[in-house]
2 protein chains.
Amino acid sequence: MERKTAKECTADQQLPALGIRPYLELMDKTAADHADRKSIRMGLVMLWLSDNILDVMDVDLAPFGITESKLDMLLLLMLHEGRELITPSGIADRLGIRRASVTALLDWLEKRGWVSREQSAKDRRMIHVNITPEGRALVDQVLPTFWSTCASLLGDLDAEERGVFEKILGKLHRSIETRIGVGR
Amino acid sequence: MERKTAKECTADQQLPALGIRPYLELMDKTAADHADRKSIRMGLVMLWLSDNILDVMDVDLAPFGITESKLDMLLLLMLHEGRELITPSGIADRLGIRRASVTALLDWLEKRGWVSREQSAKDRRMIHVNITPEGRALVDQVLPTFWSTCASLLGDLDAEERGVFEKILGKLHRSIETRIGVGR
DNA sequence: AGTCATAGTTAGATAATCTAATTATTATTG
DNA sequence: CAATAATAATTAGATTATCTAACTATGACT
């Protein structure tokens with residue numbers, strides 16, 4: 001990021017990708033037998049959107065030097081401030097990742113002073129994780145962008161569309177939730 | 001995957017993740033000033049959905065020993081069969097990734113015999129990439145699942161909802177397309 | 001006291017990316 | 001036409017986010 005060696009980098013310029021049209025075309029060729037092409041077509045768009053929505057969020061968070069996974073962890077810790085103490089295992093369960101992955105994320109966040117670990121007095125196997133004041137400051141700085149990026153995902157849907165879309169989102173949410181089995 | 005050492009693996013069972021509710025709650029606390037909480041709330045759901053839609057596809061493709069990125073590459077090659085010859089640079093442009101990443105993906109696919117590389121006669125810097133008959137066979141085997149997973153993403157939306165959602169998807173698609181600048 | 005279970009970590013792997021540098025090869029141009 | 005530029009692919013090395021298995025304490029149960 002800081003080095004800029006002599007030869008000025010043999011630009012591999014980041015061209016915009018092709019989009020979904022070709023896949024729709026392939027669909028028309030190969031899914032001929034399939035009953036509802038319309039659903040497939042819409043699913044393809046959803047898949048494409050999913051990829052790009054995550055990208056957009058990544059790009060918007062990048063200037064803060066944080067990624068979504070890490071922000072998620074900080075947000076979770078922030079939510080738990082003042083409630084029950086939270087441990088790596090608890091974090092793993094709530095984020096749906098393994099304890100080993102939590103260890104890695106915490107190491108990274110701790111190195112930057114955004115979280116702290118403290119051994120439990122009662123059960124010395126356990127660790128209590130806390131967000132630090134610096135961590136909180138970072139979150140405060142990031143959140144406005146985070147929310148506005150969220151809001152921007154709706155694009156230019158008008159009021160009426162938003163209303164319908166809200167309901168649809170609810171349905172999609174529940175359907176995927178059952179599909180992957182979210183608890184609580 | 002095959003080893004099952006004595007101690008039967010200290011289960012870190014994969015618990016279902018917490019879902020978005022806590023984030024909605026956090027939003028209510030911290031985005032108080034923000035004009036349209038509703039949009040933010042919907043954006044959060046979209047973000048959550050995006051993550052999980054990609055997961056669902058991953059899970060459904062896993063049994064075929066292939067991931068979405070790799071399938072994408074095979075589909076692209078299949079689409080180009082019989083048209084212009086395609087090179088790693090071309091693939092990189094169309095998939096929106098770097099040439100170095102294409103090299104890595106091609107290595108992986110070539111090792112399994114699903115694509116082949118052939119040096120161009122005209123310009124010996126260039127390589128022509130082709131999907132092999134085995135690669136095509138794999139794609140043929142995977143596609144039905146791929147399409148049905150796409151279709152399944154719509155969940156149980158009824159006919160009317162599908163109609164409206166189709167329009168909304170179109171708008172969202174275009175809005176993100178301009179945001180990230182898709183070419184062609 | 002001995003066995004078992006739990007919490008966290010470590011070790012080592014994989015996937016999908018990236019940037020920078022390197023190697024060929026072709027194109028341009030004084 | 002010889003030197004310099006540009007282009008195509010690759011390599012080298014890194015990062016992020018995961019995973020599984022194994023290991024180390026520590027606590028609990030019999």
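We name chains A, B, ... by the order of the sequence lines, and we start the count at 1 in each one.
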Spatial distance of atom CG (Leu79(A)) from atom CZ (Arg94(A)) [nearest 0.5 Å] = 10.0 Å
key: Closest to the Thr67(A) side chain, choosing from dT26(C), dA28(D), dT16(D)   = dT16(D)
task = Measure from CZ on Arg98(B) to P on dT7(D) and round the result to the nearest Å.
result = 15 Å
ask   = Nearest to the side chain of Ser101(A), which nucleotide is it out of dC18(C), dC19(D), dT9(C)?
value = dC19(D)
task = Considering just the side-chain nitrogens and oxygens of Ser89(A), establish if one lies under 4.0 Å of OP1 or OP2 belonging to dG8(C).
result = yes
remark   = Contacts of Gly90(B) and Trp108(A) projected onto DNA chain D by closest heavy atom; the upstream (5') one is Gly90(B)
Check: residues 59-74 of chain B side-chain donor-acceptor pairs under 3.5 Å, at least two apart:
unit_1: Asp60(B); atom_1: OD1; unit_2: Arg179(A); atom_2: NH2; d: 3.2
unit_1: Asp60(B); atom_1: OD2; unit_2: Arg179(A); atom_2: NH2; d: 2.9
unit_1: Asp60(B); atom_1: OD2; unit_2: Thr149(B); atom_2: OG1; d: 2.7

request  = Look at the side-chain N and O atoms of Lys122(A) and state whether any lies under 4.0 Å from the OP1 or OP2 oxygen of dG27(D).
outcome  = no
Nearest-nucleotide pick for Met126(A), side chain only, options being dT10(D), dT16(D), dA7(C) = dA7(C)
key: Taking every non-hydrogen atom, the tightest pair across Arg162(B) and Leu157(B)   = NE-O, 2.9 Å
ask   = Taking atom P of dT23(C) as reference, at what distance in whole Å does atom CD of Gln119(B) sit?
value = 17 Å
message = Using the P atom as the point on both nucleotides, what is the distance between dT4(D) and dA8(D), in whole Å?
response = 22 Å
Salt bridge Arg125(A)-Asp123(A), side-chain N to carboxylate O under 4.0 Å = yes
ask   = Does dA13(C) fall in syn (glycosidic angle within 90° of 0) or anti?
value = anti
task = Take atom CD1 of Ile127(B) and atom C1' of dT10(D), then tell me their distance rounded to the nearest Å.
result = 9 Å
query = Could you state the CD1-C1' distance from Ile91(A) to dT18(D), rounded to the nearest angstrom?
reply = 16 Å
Please tabulate, one pair per line, all N/O donor-acceptor pairs under 3.5 Å involving side-chain atoms of residues 126-143 of chain A, not counting sequence neighbours.
unit_1: Thr132(A); atom_1: OG1; unit_2: Gly113(A); atom_2: O; d: 2.6
unit_1: Thr132(A); atom_1: OG1; unit_2: Trp114(A); atom_2: O; d: 3.3
unit_1: Thr132(A); atom_1: OG1; unit_2: Glu134(A); atom_2: N; d: 3.4
unit_1: Thr132(A); atom_1: OG1; unit_2: Glu134(A); atom_2: OE1; d: 3.3
unit_1: Thr132(A); atom_1: OG1; unit_2: Gly135(A); atom_2: N; d: 3.0
unit_1: Arg136(A); atom_1: NE; unit_2: Glu81(A); atom_2: OE1; d: 3.3
unit_1: Arg136(A); atom_1: NE; unit_2: Glu81(A); atom_2: OE2; d: 2.8
unit_1: Arg136(A); atom_1: NH2; unit_2: Glu81(A); atom_2: OE2; d: 3.1

note = Taking dT9(C), dG27(D), dA24(C) as options, the one with an atom nearest any side-chain atom of Arg125(B) is dA24(C)
ask   = Any side-chain N or O of Thr103(A) under 4.0 Å from OP1/OP2 of dT10(C)?
value = no
note = Closest non-hydrogen atoms of Gln119(A) and Arg124(A), given as atom of the first, atom of the second and distance, are NE2-O, 2.8 Å
key: Comparing Ala104(B) and His128(A) on DNA chain C - which has the more 5′ nearest nucleotide   = His128(A)
key: Of the listed nucleotides dT16(D), dT10(D), dG27(D), the one nearest the side chain of Arg124(A)   = dG27(D)
Proximal nucleotide (of dA15(C), dT9(C), dC19(D)) relative to the Ile97(A) side chain = dC19(D)
Spacing of Leu106(A) atom CG relative to dA17(D) atom P, expressed in whole Å = 13 Å
Atom-pair distance (CD1 on Ile86(A); C1' on dG8(C)), nearest Å = 15 Å
query = To the nearest angstrom, how far is Leu54(A) atom CG from dT16(D) atom C1'?
reply = 14 Å
query = Leu54(B) and Ile180(B): same hydrophobic cluster, using ILVMFWY side-chain contacts below 4.5 Å?
reply = yes
query = Which atom names give the shortest non-hydrogen contact between Ser175(A) and Gly155(B), and what distance separates them?
reply = OG-CA, 3.6 Å
inquiry  = Please report the end-to-end axis angle for the helix from dA1(C)-dT30(D) to dT25(C)-dA6(D), five pairs per end, rounded to 10 degrees.
reply    = 30°
ask   = When rounded to the nearest 0.5 angstrom, what distance separates CH2 in Trp48(B) from CG in Leu172(A)?
value = 10.0 Å
message = Whole angstroms only, please: what is the CG-P distance between Asp123(B) and dT28(C)?
response = 12 Å
Closest nucleotide among dA7(C), dT10(C), dT10(D) to the Arg99(B) side chain = dT10(D)
note = Among the nucleotides dA17(D), dA24(C), dT11(D), whichever has the atom closest to the side chain of Ala100(B) is dT11(D)
inquiry  = Considering every strand and a 4.0 Å limit on heavy-atom distances, what is the contact class for Ser69(A): base, sugar-phosphate, or nothing?
reply    = sugar-phosphate
